[in-house]
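Take a look at the structure set out below.
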Amino acid sequence: MFGIGELTILLLVIVAVLAVKRLPDLVRSAGKAARILKSEKQELKDEGRSEGEGGGPSQPAPRVIRGETTERDTTP
């Protein structure tokens, strides 16, 4: 009947036909994600340069995030 190669090609053709409508959106969102990651990476590099200019390796100040405090349940 059909071999593995023929089934693979058939499956790829079906996926390509069904994905044609969504492909531009996928590529667009992947581009946006890449730009965001690139800008975040650059921002972290810039932060590291500005903190490291004062001398030796320095620890960044801890970030304080205000929010709700909850207690852990320590009973077994």
For Arg28, check salt bridge (Lys or Arg N to Asp or Glu O under 4.0 Å) against everything at least two apart and list the hits.
Asp25
Are Leu10 and Leu18 grouped together when hydrophobic residues (ILVMFWY) are joined by side-chain heavy atoms under 4.5 angstrom apart?
yes
Glu6 side chain to Gly3 backbone, donor-acceptor under 3.5 Å:
yes
CG/Leu23: more than 12 non-hydrogen atoms of other groups inside 6.0 Å:
yes
Spatial distance of atom CD1 (Ile4) from atom CG (Leu11) [nearest 0.5 Å]:
11.5 Å
